[in-house]
Engineer: 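First, the structure itself, so that you have it in front of you.
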There are 2 protein chains.
Amino acid sequence: MNRVFKALADPSRRRILQLLREGPLSAGDIARHFDLAKPTLSGHFAVLREADLVDQERQGTTIYYRLNLSVLEEALSGLMDSMGIGQGERAAHSPGLVKPGK
Amino acid sequence: MNRVFKALADPSRRRILQLLREGPLSAGDIARHFDLAKPTLSGHFAVLREADLVDQERQGTTIYYRLNLSVLEEALSGLMDSMGIGQGERAAHSPGLVKPGK
DNA sequence: ACTATATTTTGTTAATTAGCTAAATACCGT
DNA sequence: ACGGTATTTAGCTAATTAACAAAATATAGT
């Protein structure tokens, strides 16, 4: 889960995930959307793969990347849970700033 | 929004936010939960403040931190939107059916 | 003004990261 | 086997990060 958030910390990687939302894309297809050298992108793919956010599949000479949505979902809803956001219908509890008793 | 995800990339900072879920805590209170030097924590507070994930309020000699839940909520649901993770709806599979986030 | 407490700032270090170019690898077609 | 295309690996550099100890700042009480 830590790897997921580390992976999400980079805007290029978030953008890659967005692109993959539409369907699998080859490394080259993705690279076309960026102003980065291909090795740089390849590094980003590796980070996403290690976080299990994408799957890789070779088809001949090209490698396709596919978004692993469930991992992303799980990480995000896991965080939301741990922060008390969302699913629960509990009203937002924003305690006042009170000087703690001894 | 990038600052938010950068801030969330560190486990200590995520833990700090979790602690603040229960209510405001002083820097010292938070520090008690960690094995880190106070200056290190202070650095984490600064990152969280710059991401607007927490607010700071001084009361005498102690500084209280309060979770800014709305910023966290917005960032997470913003990402979920942009990834097509539906809060209430099933994720659309066909391209073009889902409107991009704001 | 002095002392004690709470927190931050400064300065430093080691580790990590994102980027690049050049070289290597993998696969396909001829 | 050779040449071309797609992608990754290797090797490097500059910037960023997380950690610490020591010093500085802010406030309260005496």
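Per chain, numbering begins at 1; letters A, B, ... match sequence-line order. Source: prediction; values computed, not measured.
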Engineer: My understanding is that only residues two or more places apart in sequence, or in another chain, count here; which of them pass ring pair (Phe, Tyr, Trp, His ring centres under 6.0 Å) with Phe45(B)?
Structural biologist: Tyr65(B)
Engineer: Is Leu41(A) reachable from Tyr64(A) through a run of I, L, V, M, F, W or Y residues, each pair having side-chain heavy atoms under 4.5 Å apart?
Structural biologist: no
Engineer: By the salt bridge (Lys or Arg N to Asp or Glu O under 4.0 Å) test, which pairs, at least two apart or in different chains, include something from residues 46-57 of chain A?
Structural biologist: Asp55(A)-Arg66(A), Glu57(A)-Arg66(A)
Engineer: Which donor-acceptor pairs under 3.5 Å do the side chains of residues 31-40 of chain B make with protein atoms, sequence neighbours left out?
Structural biologist:
residue, atom, partner, partner atom, Å
Arg32(B), NH1, Asp29(B), OD1, 2.9
His33(B), ND1, Asp29(B), O, 3.1

Engineer: Between Tyr65(A) and dT8(D), does any side-chain N or O lie under 4.0 Å from OP1 or OP2?
Structural biologist: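 Answer yes for this pair, as a side-chain N or O of Tyr65(A) is under 4.0 Å from OP1 or OP2.
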Engineer: What string of B, S and - do you get for nucleotides 18-30 of chain D, 5' to 3', when a contact is any protein heavy atom under 4.0 Å?
Structural biologist: SSBBB----SS--
Engineer: Looking at every strand, decide which applies to Thr62(A) at a 4.0 Å heavy-atom threshold: base, sugar-phosphate, or nothing.
Structural biologist: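 Sugar-phosphate contact only.
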Engineer: Please identify each residue that fulfils side chain to side chain donor-acceptor pair (under 3.5 Å) with Ser70(B), with sequence neighbours left out.
Structural biologist: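 Expected list: Asn68(B).
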Engineer: Expressed as a whole number of angstroms, how long is the span from Tyr64(A):OH to dA6(D):C1'?
Structural biologist: 11 Å
Engineer: Using rotation axes that map the C1' atoms of four end pairs onto the next four (five pairs an end), what angle separates the end axes of the helix from dA1(C)-dT30(D) to dT30(C)-dA1(D), to 10°?
Structural biologist: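 End axes: 20° apart.
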Engineer: Roughly how far, to the nearest 0.5 Å, is the CG atom of Leu79(B) from the CD1 atom of Ile85(B)?
Structural biologist: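 Going from the CD1 atom of Ile85(B) to the CG atom of Leu79(B) covers 6.5 Å.
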Engineer: Could you work out, with side-chain contact (heavy atoms from CB on, under 4.5 Å) as the rule, every residue matching Thr61(B), not counting sequence neighbours?
Structural biologist: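 Partners of Thr61(B) under the side-chain contact (heavy atoms from CB on, under 4.5 Å) test: none.
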Engineer: At the 4.0 Å heavy-atom cut-off to chain A, mark where contacts on DNA chain C begin and end, going 5' to 3'.
Structural biologist: dA18(C) to dC28(C)
Engineer: Expressed as a whole number of angstroms, how long is the span from Asn2(A):CG to dT17(D):P?
Structural biologist: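 About 15 Å, once rounded to whole Å.
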Engineer: Name the atoms and distances for all side-chain donor-acceptor pairs under 3.5 Å in residues 1-17 of chain B, with sequence neighbours left out.
Structural biologist:
residue, atom, partner, partner atom, Å
Asn2(B), OD1, Arg14(A), NH1, 3.4
Asn2(B), OD1, Arg14(A), NH2, 3.0
Asp10(B), OD1, Ser12(B), N, 2.8
Asp10(B), OD1, Arg13(B), N, 3.2
Arg13(B), NE, Ala7(B), O, 2.8
Arg13(B), NH1, His44(B), ND1, 3.1
Arg13(B), NH2, Lys6(B), O, 3.2
Arg14(B), NH1, Asn2(A), OD1, 3.4
Arg14(B), NH1, Leu8(B), O, 2.6
Arg14(B), NH2, Asn2(A), OD1, 3.0

Engineer: Which residues pass the salt bridge (charged side-chain N to carboxylate O under 4.0 Å, His left out) test with Glu74(A), not counting sequence neighbours?
Structural biologist: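 None.
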Engineer: Can you measure from CG (Leu72(B)) to CG (Leu20(B)) and round to the nearest 0.5 angstrom?
Structural biologist: 11.5 Å
